[in-house]
Each structure stands twice: as structure tokens, then as C-alpha cells.
Amino acid sequence: MPASTNPWIARLRPASTGQLRLICFAHAGGGAATFRGFAQDLPDDIDLCVVRLPGRESRLREPPVRKMGELVGLLGEALDELLDVPYGLFGYCSGALTAFEFARYQRERDGRPPAALFACACPSPAMVLRDSGAHSLGKPELIEHLTALGIIPDTILNTPGLFDMFEPSVRADYEVYETDDYQEAPPLDLPISVFGATGDPSTTVPTLLGWREETARDFSLRLYPGDHGFFDKDRQSLTAAVSGELRTAAAAVRGDAR
């Protein structure tokens with residue numbers, strides 16, 4: 001299926017002819033719009049692809065996926081066409097856990113694994129608070145929770161009709177995140193780079209450092225001042241780090257293949 005007609009893949013700028021690709025996964029309830037800034041900041045030779053899950057944006061009428069096992073299986077089919085060049089996976093917030101499980105899925109089915117994994121504002125897979133129950137909160141409590149994180153525009157949270165359209169996808173994404181059946185397994189054979197903020201209520205330094213246990217290769221942690229909003233405020237620094245480390249990881253993959 002050509003990428004331009006694949007509903008799972010959103011392109012925010014023309015496809016690159018380069019030999020590098022970055023596949024991005026948004027936060028709970030998020031879609032392709034989350035990564036508009038990446039389209040501005042990433043070098044042109046990196047092909048930017050954003051995963052668009054059912055239940056949002058152009059797929060609003062489709063029922064959202066609620067379980068991680070089902071989701072990564074669907075992604076395995078939907079994203080296969082993108083794995084023909086060295087690629088990295090970037091996950092923001094709950095999207096980082098999906099990116100991690102997709103990397104594991106590729107390894108387990110002996111597929112084409114990513115060259116690198118980038119996790120932003122997300123606890124390590126073993127340290128996710130799976131009993132937090134955000135997906136089953138009452139509507140007022142869910143809105144309060146999302147307001148505290150600051151990742152959803154106030155226009156959506158404060159407009160009942162808009163939030164009613166948004167609510168099913170954010171609940172489904174939280175259910176995927178909170179009910180993921182994490183299993184201990186050998187670490188991934190790829191570098192993991194983690195980005196976090198010192199005042200982010202969704203993570204702590206120990207939960208970010210926990211990602212180190214998931215890689216047999218290089219690990220890095222960058223901490224920014226502020227809260228969950230560092231994803232936008234420090235975006236240029238973040239995208240510069242991602243592009244540089246993706247190039248290094250891709251070069252290593254090409255070297256190993258020789």
C-alpha cells in the first residue's frame with residue numbers, strides 16, 4: 001500500500017528520498033498534529049512519518065484500539081512498508097511504550113528492527129503505573145488529569161462537544177498504556193535515548209533511568225528544566241539530538257550489515 005494512501009501513516013511534509021526514516025507515536029489521544037514542529041525542525045533528508053491510530057483526525061469514525069497486543073500486531077502490518085531503510089522510533093508520553101513494544105514485536109517475529117528508540121516523557125516500560133486507572137476516570141477527573149499534564153489544548157478540554165469527540169481515543173490510548181502486559185525479556189539490541197523534564201509530574205529521574213535496563217547498547221538521558229511542556233518548549237534541542245543520534249545509529253546498522 002503506498003504510504004500516501006495508508007491510513008496509519010501521516011506525512012506532514014513531502015516524503016524524503018534519503019535513507020533515514022523517523023516513525024513517531026503521539027501521546028494519549030494525540031495524532032499527527034502533535035509532530036507539526038518536527039516537520040519544521042528535522043533535516044530534510046530524514047523521512048518523517050507519524051502513526052495515526054484509529055479514532056482520531058481523519059480516522060475519527062473508526063473504533064479505537066484498546067489493547068497493546070492487538071495494536072502492535074496491526075502496526076506490524078501497517079508499517080511494514082516503512083521498514084525498508086534504517087529507521088528510528090520516537091514515542092512521546094504513552095506513545096513511547098507503544099514504540100517500545102513495537103520494537104520488541106519486530107525482534108520477536110524476526111522482522112526488521114529499528115536502528116534506535118527515542119522515548120520522551122515516559123517512565124520505563126517496567127515502571128509504568130499500570131494501576132493508575134486514568135482510562136476509567138470520570139469525565140471531570142479525566143479532564144483535570146489532562147489539564148495537569150498540559151498536552152491537550154484548553155479549547156478541547158473546555159468545550160463539551162469537542163471533548164466528547166476526543167474522549168474515546170484518549171481513554172482507549174490510556175487503556176493500551178495501563179493494561180500493557182510487560183514481560184521481562186532480554187534487552188533490545190539498539191541504542192535508547194530518553195528525554196525528560198525535572199518538573200514533569202508523569203515521570204521521575206529513576207523511572208526515566210529505568211529505560212537503561214531495556215538496551216544492550218548505548219543509553220542516554222537528557223533532562224530539561226520545566227514540566228511536561230518541554231516537548232514543545234525545547235523542541236529544537238530535542239530534534240537536533242534525535243537527528244544526530246539517528247544518523248549515528250543508522251551508520252552502525254549499515255556497518256553491521258557489511
Side-chain angles (χ1 to χ4, degrees), residues 8 22-30 51 53-55 63-80 82-83 86-137 169-196 200 202-221 245 249 252-253 256:
W8 290 83
L22 185 67
I23 303 173
C24 297
F25 299 77
H27 58 81
V51 173
L53 300 180
V65 182
R66 298 185 175 277
K67 298 299 177 185
M68 183 68 81
E70 178 186 1
L71 179 57
V72 294
L74 291 169
L75 289 169
E77 296 181 12
L79 303 186
D80 186 67
L82 299 179
L83 312 186
Y87 68 96
L89 302 176
F90 182 99
Y92 175 37
C93 201
S94 61
L97 183 62
T98 304
F100 168 77
E101 293 290 9
F102 180 75
R104 273 191 167 185
Y105 174 86
Q106 287 297 312
R107 178 180 68 182
E108 289 163 5
R109 74 168 190 168
D110 210 16
R112 291 166 286 183
L117 175 63
F118 304 95
C120 181
C122 182
S124 72
M127 296 182 179
V128 167
L129 295 177
R130 289 174 171 80
D131 59 354
S132 57
H135 73 279
S136 58
L137 289 173
S169 64
V170 75
R171 287 191 185 278
D173 290 355
Y174 268 118
E175 186 172 347
V176 167
Y177 178 72
E178 293 171 339
T179 63
D180 175 47
D181 184 22
Y182 173 79
Q183 300 291 323
E184 290 190 9
L188 294 168
D189 189 27
L190 52 87
I192 294 180
S193 301
V194 177
F195 305 87
D200 186 345
S202 69
T203 60
T204 64
V205 172
T207 63
L208 294 170
L209 286 171
W211 282 96
R212 182 164 48 195
E213 305 304 315
E214 303 295 346
T215 175
R217 299 244 180 163
D218 292 341
F219 170 83
S220 67
L221 170 63
E245 292 183 14
V253 167
D256 289 348

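Quick note: residue numbers are just sequence positions, from 1.
- Judged by distance alone, the side chain of Trp211 and the main-chain N or O of Cys122 form a donor-acceptor pair under 3.5 Å.
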Could you go through residues 92-102 and list every donor-acceptor pair under 3.5 Å that involves a side-chain atom there, pairing it with any protein atom two or more places apart or in another chain?
residue, atom, partner, partner atom, Å
Ser94, OG, Ala28, N, 3.0

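- Every salt bridge (Lys or Arg N to Asp or Glu O under 4.0 Å) that Arg104 has, sequence neighbours left out, goes to Glu214.
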>> Under the criterion side-chain contact (heavy atoms from CB on, under 4.5 Å), I'd like the reasoning laid out for Leu208 against Phe195: C-alpha separation, chi angles, the key distance, then a yes or no.
In response: CA-CA 8 Å; Leu208 294 170; Phe195 305 87; over 6 Å; no
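- Val65 is listed as a side-chain neighbour of Pro54, based on a closest heavy-atom distance under 4.5 Å.
- Listed for the Arg171 side chain is a donor-acceptor partner under 3.5 Å among the backbone atoms of His135.
- Going from atom CZ of Phe219 over to atom CZ of Arg212 covers 6.0 Å, rounded to the nearest 0.5 Å.
- Distance OG/Ser169 to OH/Tyr174: 11.5 Å, rounded to 0.5 Å.
- Taking all atoms of both residues into account, the shortest heavy-atom contact from Thr203 to Ala121 is CG2-C, 3.8 Å.
- Residues Ala185 and Arg107 approach most closely at CB-NH2, 3.8 Å, considering heavy atoms.
- Using a 4.5 Å heavy-atom cutoff, the side chains of Leu53 and Trp8 are in contact.
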>> For a side-chain contact (heavy atoms from CB on, under 4.5 Å) check, start with the C-alpha distance between Tyr87 and Leu82, then their side-chain angles and the critical distance, and finish with the verdict.
In response: CA-CA 8 Å; Tyr87 68 96; Leu82 299 179; over 6 Å; no
> Does the side-chain contact (heavy atoms from CB on, under 4.5 Å) test come out yes or no for Lys67 and Val176, once each step is laid out?
Replying inline: CA-CA 5 Å; Lys67 298 299 177 185; Val176 167; 5.7 Å; no
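- The two residues Ser124 and Gly210 make their nearest non-hydrogen contact at CB-C, 3.3 Å.
- Test Leu89, Leu22, Ile192, Val194 against Phe118 for side chain to side chain contact (heavy atoms under 4.5 Å, CB included) and you get one pass: Leu22.
- Of all heavy-atom pairs spanning Ala172 and Pro64, the tightest one is CB-CB, 3.5 Å.
- Listed by first and then second residue, the side-chain hydrogen bond (donor to acceptor under 3.5 Å, both in side chains) pairs that reach into residues 184-194 are Asp189-Arg217, Ser193-Ser220, Ser193-Glu245, sequence neighbours excluded.
- Applying the side chain to side chain contact (heavy atoms under 4.5 Å, CB included) test to Asp80 and every residue at least two apart in sequence or in another chain returns Arg109, Arg112.
- Remark: Thr204 pairs with Pro206, Thr207 by the side chain to side chain contact (heavy atoms under 4.5 Å, CB included) rule, at least two apart or across chains.
- Across every non-hydrogen atom of Ala115 and Pro191, the tightest pair is O-CD, 3.2 Å.
- Contact annotation: the side chain of Val128 approaches that of Tyr177 to within less than 4.5 Å [non-hydrogen atoms, C-beta and beyond].
- The salt bridge (Lys or Arg N to Asp or Glu O under 4.0 Å) search around Asp200 returns none, not counting sequence neighbours.
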> What do the steps show when you test Met68 against Thr179 for side-chain contact (heavy atoms from CB on, under 4.5 Å), and what is the final call?
Replying inline: CA-CA 8 Å; Met68 183 68 81; Thr179 63; over 6 Å; no
